[in-house]
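Naming convention: chains lettered A, B, ... in sequence-line order (proteins, then strands); numbering from 1 in each chain. The model shown is predicted, which means the values in this text are computed figures rather than measured ones.
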Number of protein chains: 2
Amino acid sequence: MSIPGGRSGRRRVADDGVVPPPPQRRATGRPPRISRADIVAAAHRIVDAEGVARLTMRRLAAEVGSTPMALYHHVRDRDELLVLLLEDYARRIPRPELPEQPRERIVAAALVLHDVLAERPWLVTALATDDLMGATALWIVEVMVDAAMAAGLSAERAVHAYRAIWYYTVGEITVRSAAGRQRASRDRPSYRDEVFASLDPAELPRLAALADRWTALTTVDTYAAGLRALVDGLLPGS
Amino acid sequence: MSIPGGRSGRRRVADDGVVPPPPQRRATGRPPRISRADIVAAAHRIVDAEGVARLTMRRLAAEVGSTPMALYHHVRDRDELLVLLLEDYARRIPRPELPEQPRERIVAAALVLHDVLAERPWLVTALATDDLMGATALWIVEVMVDAAMAAGLSAERAVHAYRAIWYYTVGEITVRSAAGRQRASRDRPSYRDEVFASLDPAELPRLAALADRWTALTTVDTYAAGLRALVDGLLPGS
DNA sequence: GAGGGTTTCTATACGCGTATAAAAACTTAG
DNA sequence: CTAAGTTTTTATACGCGTATAGAAACCCTC
């Protein structure tokens with residue numbers, strides 16, 4: 001009925017924490033032909049070779065040599081699969097040298113987070129659902145909360161600060177990747193161009209003056225700059 | 001072949017701006033049975049009565065008394081439909097009294113924006129694609145850019161400041177609405193609970209200490225507080 | 001052996017967004 | 001009246017995520 005053990009670490013431990021005598025005991029039931037790890041590995045192969053758009057449950061089933069619905073006994077849904085993929089990516093992040101200074105620590109940690117996601121923007125939807133990254137990447141959150149407290153924030157406010165940074169990061173990835181997707185399919189002239197072309201300078205003088213530069217201005221990568229501003233505002237006075 | 005006139009404002013105007021002699025001229029071709037306005041109105045009805053989940057192209061076609069594919073001659077895709085819906089919502093926003101002080105103007109404008117979206121989080125995906133709201137809500141952007149410049153920022157930096165706020169807002173809505181959706185389907189115990197339950201206090205002391213308060217801490221609405229911090233960081237020093 | 005219990009896997013089906021191709025309904029030219 | 005051209009509408013189809021129901025494959029106890 002239920003999906004088998006989430007974290008692969010704990011297995012066959014009763015509620016009281018006692019491990020049953022035969023540690024290498026096979027549970028009853030039909031033996032599985034595929035495993036969660038198989039699925040994740042196959043998913044990795046597909047994403048690397050054909051892109052995430054091709055990562056469908058049917059394609060994945062074919063890759064592991066099974067049927068689509070069989071996957072659902074090992075993975076709750078497609079979103080969970082994406083989170084598992086991220087888990088793998090996160091494991092590979094080299095834990096970088098972090099600055100000592102709290103403010104710079106936070107910025108550095110957020111940049112690591114951002115870089116991982118920016119390369120795989122399709123993860124963000126799945127992540128937002130889980131609101132937090134997989135367990136493997138939690139050290140980034142720890143760093144940020146810890147540094148925020150070192151900078152003088154209470155535990156509560158440190159968490160809120162982390163969250164603000166998380167929001168900002170999710171938003172940046174979402175918007176920028178959506179914009180990129182749109183630029184990719186560039187036969188149509190885009191709603192925005194049309195709107196900007198017909199701006200009324202009397203009503204919206206600033207935007208009208210910026211209209212022709214708008215696309216250029218909003219294509220620049222300003223994540224780091226905005227992040228620094230946010231952190232500056234979040235931490236107690238300069 | 002192409003989808004007829006975007007903004008309903010300009011019609012039958014040649015490239016040189018001269019209106020052809022017969023202003024009430026019907027173009028050739030099969031006369032339309034439905035219009036863009038019909039579609040948007042029907043969409044509104046469905047969303048209000050049955051929720052956005054029911055707003056499918058098939059259901060919408062039934063509502064306007066047509067077939068699904070007929071809609072696609074008046075609307076590019078479902079996302080564009082959502083943007084048109086937002087357009088309508090935006091038109092209804094009463095333009096509030098805005099504070100004179102630039103910093104507070106920005107905050108107030110962002111809060112208006114946030115409130116509109118927070119009530120209709122499903123709009124955000126469509127919006128992110130278009131990266132900007134429909135024309136009707138552009139005054140919010142104008143206010144923010146203008147106030148940022150009044151506070152001493154260059155035009156470029158003012159746009160970047162607006163963008164940072166936009167990112168933060170999109171992220172907040174995305175994450176919070178995803179979390180809400182998840183809390184709605186609460187039979188399963190959620191991946192996050194599992195992760196937090198098995199935190200290693202030696203590795204992640206801050207998070208372990210906060211584990212039991214985490215959900216409470218991350219459920220609080222901190223949009224306004226984070227926004228103020230962001231604006232403080234973006235505008236030149238106090 | 002035979003029958004339950006349990007787990008995994010397969011078959012089938014639904015509704016979704018939308019691509020594609022063709023039919024229908026009109027205007028205009030001959 | 002007919003033929004061509006244009007626009008809108010329809011029919012059909014594809015692949016998607018996944019719900020549901022039942023078959024298959026194993027372990028036990030008799």
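Contact check of residues 37-44 of chain B against DNA chain D (heavy atom, cut-off under 4.0 Å) returns no residues at all.
Residues meeting the side-chain contact (heavy atoms from CB on, under 4.5 Å) test with B:Asp79, sequence neighbours left out: B:Asp77, B:Leu82, B:Ala126, B:Thr129. In terms of the side-chain contact (heavy atoms from CB on, under 4.5 Å) criterion, residue partners of B:Asp48 (sequence neighbours excluded) are, by chain and number, B:His44, B:Tyr89.
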- Message: Could you walk me through whether A:Arg120 and A:Val47 satisfy the side chain to side chain contact (heavy atoms under 4.5 Å, CB included) test, starting with their C-alpha distance in whole Å, then the side-chain angles of each, then the deciding distance to 0.1 Å, before giving a yes or no?
- Response: CA-CA 10 Å; A:Arg120 295 139 192 124; A:Val47 170; over 6 Å; no
- Message: Under the criterion side chain to side chain contact (heavy atoms under 4.5 Å, CB included), I'd like the reasoning laid out for A:Leu127 against A:Trp166: C-alpha separation, chi angles, the key distance, then a yes or no.
- Response: CA-CA 11 Å; A:Leu127 265 189; A:Trp166 176 235; 3.9 Å; yes
- Item | Verdict with reasoning, B:Leu204 to A:Val141, per side chain to side chain contact (heavy atoms under 4.5 Å, CB included) | CA-CA 9 Å; B:Leu204 305 171; A:Val141 182; over 6 Å; no
- Apply salt bridge (charged side-chain N to carboxylate O under 4.0 Å, His left out) to B:Glu87 and B:Arg92, showing your working. CA-CA 9 Å; B:Glu87 200 83 338; B:Arg92 293 188 218 149; over 6 Å; no
- Message: For A:Glu80 and A:Arg36: C-alpha separation, side-chain torsions, deciding distance, then whether salt bridge (charged side-chain N to carboxylate O under 4.0 Å, His left out) applies.
- Response: CA-CA 11 Å; A:Glu80 189 181 87; A:Arg36 197 185 257 239; 3.4 Å; yes
- Residues A:Arg59, A:Glu50; criterion salt bridge (charged side-chain N to carboxylate O under 4.0 Å, His left out); working and verdict: CA-CA 11 Å; A:Arg59 172 77 187 80; A:Glu50 310 173 29; 2.7 Å; yes
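Contact check, A:His73 against C:dT10: no side-chain N or O comes under 4.0 Å of OP1 or OP2. Contact annotation: B:Thr67 does not reach the phosphate of D:dA11 (side-chain N/O to OP1 or OP2, under 4.0 Å).
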- Note on the structure: Per-nt protein contacts along nucleotides 12-20 of chain C (heavy atom under 4.0 Å; B base, S backbone sugar-phosphate only, - none) come out as BB--BBBBB
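With B:Glu142 contributing its side chain and A:Glu203 its backbone, the two residues share no donor-acceptor pair below 3.5 Å. Using a distance-only test at 3.5 Å, with no hydrogens or angles considered, no donor-acceptor pair links the side chain of A:Thr56 to the main chain of A:Ala53. Side-chain atoms of B:Arg78 come within 3.5 Å of backbone N or O of B:Leu55 as a donor-acceptor pair.
A rotation axis mapping the C1' atoms of four pairs onto the next four is fitted at both ends of the helix from C:dG1-D:dC30 to C:dG30-D:dC1 over five pairs, and the angle between these axes is 40° to 10 degrees.
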Using nucleotides 23-25 of chain C, report all nitrogen or oxygen pairs with the protein that are shorter than 3.5 Å.
unit_1: C:dA24; atom_1: N3; unit_2: B:Arg30; atom_2: NH1; d: 3.3
unit_1: C:dA25; atom_1: N3; unit_2: B:Arg30; atom_2: N; d: 3.4

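Ring to ring, A:Tyr168 and A:Tyr223 are close: their centroids are under 6.0 angstrom apart.
Look at CD1 on B:Ile34: it is 13 Å from C1' on D:dT7, rounded to the nearest Å. Between A:Arg33 atom CZ and D:dA23 atom P the separation is 19 Å, expressed in whole Å.
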